[in-house]
Amino acid sequence: MKLNLLSCDAIRPDKRAIAKCILEISINVDQNLSNQLTDILLEGDAVDIEVLNKNSGSALRALRKLDIDYQIED
């Protein structure tokens with residue numbers, strides 16, 4: 001499943017927690033790339049990631065917990 005991470009609405013976003021979440025839920029993402037994607041997201045730009053369908057429910061809950069707005073692409 002592809003997700004488009006739109007923005008982070010947290011008052012004080014936890015950069016480390018967001019990077020860890022992206023690393024854990026995404027396919028083919030390493031630590032450096034998750035840090036880069038987190039920086040892009042926190043700067044206000046959208047980020048596309050791919051998540052395994054079997055992990056989609058827990059991935060979406062983790063994103064909501066971090067106040068990340070997302071859009072499901074397919």
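Interatomic distance, OG of S34 versus CG of L23, reported as 4.5 Å (0.5 Å rounding). Interatomic distance, L63 CG to I49 CD1, rounded to the nearest 0.5 Å: 6.0 Å. Rounding to the nearest 0.5 Å gives a distance of 8.0 Å between CG of D30 and CD of Q36. Atom OG1 in T38 sits 13.0 Å away from atom NZ in K20 (nearest 0.5 Å). With rounding to the nearest 0.5 angstrom, the CD1 atom of I27 is 4.0 Å from the CG atom of L52. Summarising the geometry, atom CG belonging to N35 is positioned 10.0 Å from atom CZ belonging to R16; distances are rounded to the nearest 0.5 Å.
When side chains are defined from C-beta on, I72 counts as touching L3, because their heavy atoms get closer than 4.5 Å. For the pair L37/L33, a side-chain contact is recorded, criterion being any heavy-atom separation below 4.5 Å from C-beta on. Counting heavy atoms from C-beta on, the side chains of V51 and L60 never come closer than 4.5 Å.
The minimum heavy-atom distance linking S7 with D9 is given by the pair OG-OD1, 3.5 Å. Closest heavy-atom contact between A46 and I40: O-CG2, 4.2 Å. In this structure, I18 and I68 approach most closely via the heavy-atom pair CG2-CD1, 3.9 Å.
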Requested in this report: Apply side-chain contact (heavy atoms from CB on, under 4.5 Å) to L6 and Q71, showing your working.
Outcome: CA-CA 7 Å; L6 303 172; Q71 178 180 15; 4.2 Å; yes

Report task. Report the C-alpha separation of N28 and E50 in whole Å, then their side-chain angles, then the decisive distance to 0.1 Å, and conclude whether the side-chain contact (heavy atoms from CB on, under 4.5 Å) test is met. Result -> CA-CA 8 Å; N28 298 326; E50 191 167 346; over 6 Å; no

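M1 is connected to L66 through a chain of hydrophobic side-chain contacts under 4.5 Å among Ile, Leu, Val, Met, Phe, Trp and Tyr, so both are in one cluster.
A donor-acceptor pair is defined here as one N or O able to donate and one able to accept, closer than 3.5 Å; no such pair exists between the side chain of D67 and the backbone of C8.
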